[in-house]
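Computation of the quantities below employed the complete heavy-atom set of this structure, encompassing side-chain atoms and omitting hydrogens, waters and symmetry-equivalent molecules.
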Amino acid sequence: MTILVVRQLVIMAIIIFAGFIFAKILKVSSSDEKFLSKLLLYFINPCIIINSFNMEFDGTKLKQLVFVLIISAVIHFVMILISFVFTREKNEKLKSYSQIEKVGIVFTNCGFMGIPLIRGVFGNEGIFFLMGYLIIFNIFLWTYGYYQMSKSINLKKIVTNPNIIAVVIGLILFCTPLSIPKFLVTPISMVSECNTVIAMVLLGILFADFKLPSKSDSAVMDSKEYILRIIKFSFVRIVVCSVVNIILVFVIYKLFGNVEQIKMICFVVLICSMCPAATSVPSLSCIFNKDSAYASVIVSLSSLLCMISIPSFVALAEMLIK
């Protein structure tokens with residue numbers, strides 16, 4: 001499995017590099033970046049969700065999906081606890097940075113990076129289990145994540161989110177005799193296949209736009225404090241969360257070893273939880289007038305480090321979960 005993960009990450013890295021060169025040559029603007037983000041988040045991802053649920057009803061798979069939902073919820077709660085332990089902030093001027101870090105530690109790039117990685121390793125069956133993690137991700141993002149940034153909860157954002165709507169449609173298709181009309185199956189599948197390339201190109205564009213903020217942007221911190229803060233965040237997101245989640249998944253594997261395909265379920269959830277900080281973090285930072293430059297830096301750096309950390313921790317998990 002480690003070899004498959006490395007192979008898929010190499011493929012993804014090549015596309016990211018191509019996206020980086022493309023962005024540097026053509027001077028891709030922030031509006032282009034936002035368009036690609038919206039295209040992935042609100043059009044391609046919902047198609048992937050619907051396409052993954054377009055299968056005959058299987059009681060065993062439904063139980064497995066519920067199992068994934070429970071595990072994913074537990075992992076999100078654990079990462080929330082980790083974020084509170086490592087992001088305590090007494091300085092009022094730095095509270096907004098702490099809010100960004102709390103969101104960045106809990107929410108991973110399980111959509112843009114997780115979907116192509118899981119598909120490359122486990123195929124469409126793995127994507128079906130990934131949907132369970134994405135359901136929990138979206139619920140927590142638009143409740144806990146939204147609250148951390150705005151100190152309020154917007155239920156409308158949850159109900160009207162295209163990914164949540166796609167999940168509802170997908171579950172209806174899966175749990176009833178209904179199915180997608182044949183003339184729609186092919187276009188939905190074709191749109192789904194675009195995810196890997198566009199998601200990696202977007203990450204390449206993000207790397208191309210990588211820069212430390214100017215002195216005026218980080219006036220509340222000196223450069224040394226700023227860099228140390230980034231390093232601390234990266235260590236917590238990449239190392240601490242991964243190690244804790246490996247232990248958690250190992251315990252779940254031992255306790256529920258009789259669940260069908262438990263190993264695949266554990267590794268799908270684990271890989272999702274080990275992905276870099278979500279690209280939603282800079283977006284939310286921008287919306288709520290936080291330091292979006294800082295958010296972009298921690299997302300870019302964690303994305304780079306994950307190219308090494310994910311296969312390393314998957315190898316460690318494989319030693320435990322046999």
Side-chain angles (χ1 to χ4, degrees), residues 30 33-46 48-49 69-89 92-115 130-169 199 202 206 233 236-237 241 269 272-273 275-300 302-303:
S30 59
E33 185 180 318
K34 287 178 181 177
F35 171 76
L36 284 179
S37 296
K38 290 179 180 178
L39 182 69
L40 277 166
L41 191 60
Y42 299 127
F43 181 55
I44 295 177
N45 276 6
I48 292 172
I49 292 170
L69 289 171
I70 295 169
I71 297 173
S72 302
V74 170
I75 281 181
H76 276 81
F77 275 119
V78 168
M79 290 196 291
I80 287 172
L81 290 175
I82 292 172
S83 73
F84 274 94
V85 170
F86 286 93
T87 61
R88 295 175 181 177
E89 187 58 68
E92 286 297 324
K93 292 182 179 179
L94 298 176
K95 282 286 178 70
S96 64
Y97 290 91
S98 177
Q99 289 173 305
I100 292 171
E101 290 161 354
K102 279 183 171 67
V103 176
I105 288 170
V106 175
F107 299 104
T108 68
N109 209 352
C110 56
F112 294 174
M113 181 169 275
I115 289 173
L130 171 61
M131 291 306 109
Y133 193 94
L134 279 176
I135 292 170
I136 298 299
F137 170 91
N138 278 288
I139 292 172
F140 273 75
L141 178 66
W142 296 110
T143 51
Y144 171 77
Y146 192 94
Y147 177 78
Q148 273 299 327
M149 290 294 195
S150 67
K151 297 305 175 184
S152 65
I153 294 178
N154 190 336
L155 291 176
K156 184 180 177 182
K157 287 284 186 181
I158 303 172
V159 177
T160 60
N161 187 292
N163 293 281
I164 298 297
I165 294 171
V167 166
V168 173
I169 294 172
L202 179 60
L206 189 65
F233 169 85
V236 176
R237 167 89 291 279
C241 286
V269 172
C272 285
S273 72
C275 285
T279 50
S280 305
V281 180
S283 300
L284 288 173
S285 300
C286 186
I287 291 170
F288 296 110
N289 298 315
K290 309 296 180 185
D291 191 336
S292 56
Y294 177 73
S296 295
V297 168
I298 62 175
V299 169
S300 298
S302 62
S303 298

Would you say the side-chain atoms of S303 pair up with the backbone N or O of P276, donor to acceptor, closer than 3.5 Å?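 Here the side-chain-to-backbone pair does not exist.
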
Output yes when a side-chain donor or acceptor of T108 lies under 3.5 Å from a complementary backbone atom of S273, and no otherwise.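 Side chain of T108 to backbone of S273, a donor-acceptor pair under 3.5 Å: no, none is there.
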
What residues, two or more places apart in sequence or in another chain, satisfy ring pair (Phe, Tyr, Trp, His ring centres under 6.0 Å) together with F107? F137

Measuring only between side-chain heavy atoms, which start at C-beta, is [X] closer than 4.5 Å to [Y]?
X: Q99; Y: Y147; result: no
X: I115; Y: N45; result: yes
X: L141; Y: Y146; result: no

Drop me the distance from [X]'s [atom1] to [Y]'s [atom2], to the nearest 0.5 angstrom.
X: M113; Y: S302; atom1: CE; atom2: OG; result: 8.5 Å
X: I164; Y: L134; atom1: CD1; atom2: CG; result: 9.0 Å
X: C275; Y: N109; atom1: SG; atom2: CG; result: 6.5 Å
X: I82; Y: R237; atom1: CD1; atom2: CZ; result: 8.5 Å
X: I136; Y: C110; atom1: CD1; atom2: SG; result: 11.0 Å
X: I100; Y: K95; atom1: CD1; atom2: NZ; result: 14.0 Å

Please give me the minimum heavy-atom distance between [X] and [Y], naming the atom from each residue.
X: L69; Y: G132; answer: CD2-O, 3.3 Å
X: A295; Y: I298; answer: O-CG1, 3.1 Å
X: V299; Y: A278; answer: CG2-O, 3.4 Å
X: S72; Y: V269; answer: OG-CG2, 4.1 Å

Does a side chain donor of either Y294 or E101 reach within less than 3.5 Å of an acceptor in the other side chain?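 There is such a pair between these side chains.
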
Does the pair V106 and Q148 meet the rule for a side-chain contact (heavy atoms from CB on, under 4.5 Å), with working shown? CA-CA 11 Å; V106 175; Q148 273 299 327; over 6 Å; no

Under 6.0 Å from the six-membered ring centre of F84 and within 45° of its axis: does the NZ or CZ of K102 meet both?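 Output yes; distance and angle both within limits.
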
List the steps and the verdict of side-chain contact (heavy atoms from CB on, under 4.5 Å) for F233 and S83. CA-CA 9 Å; F233 169 85; S83 73; over 6 Å; no

How about F140 and F77: are their ring centres within less than 6.0 Å of each other?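 That pair passes the under 6.0 Å test.
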
For the pair M149 and V103, evaluate side-chain contact (heavy atoms from CB on, under 4.5 Å) and give the outcome as yes or no after the intermediate values. CA-CA 8 Å; M149 290 294 195; V103 176; 4.1 Å; yes

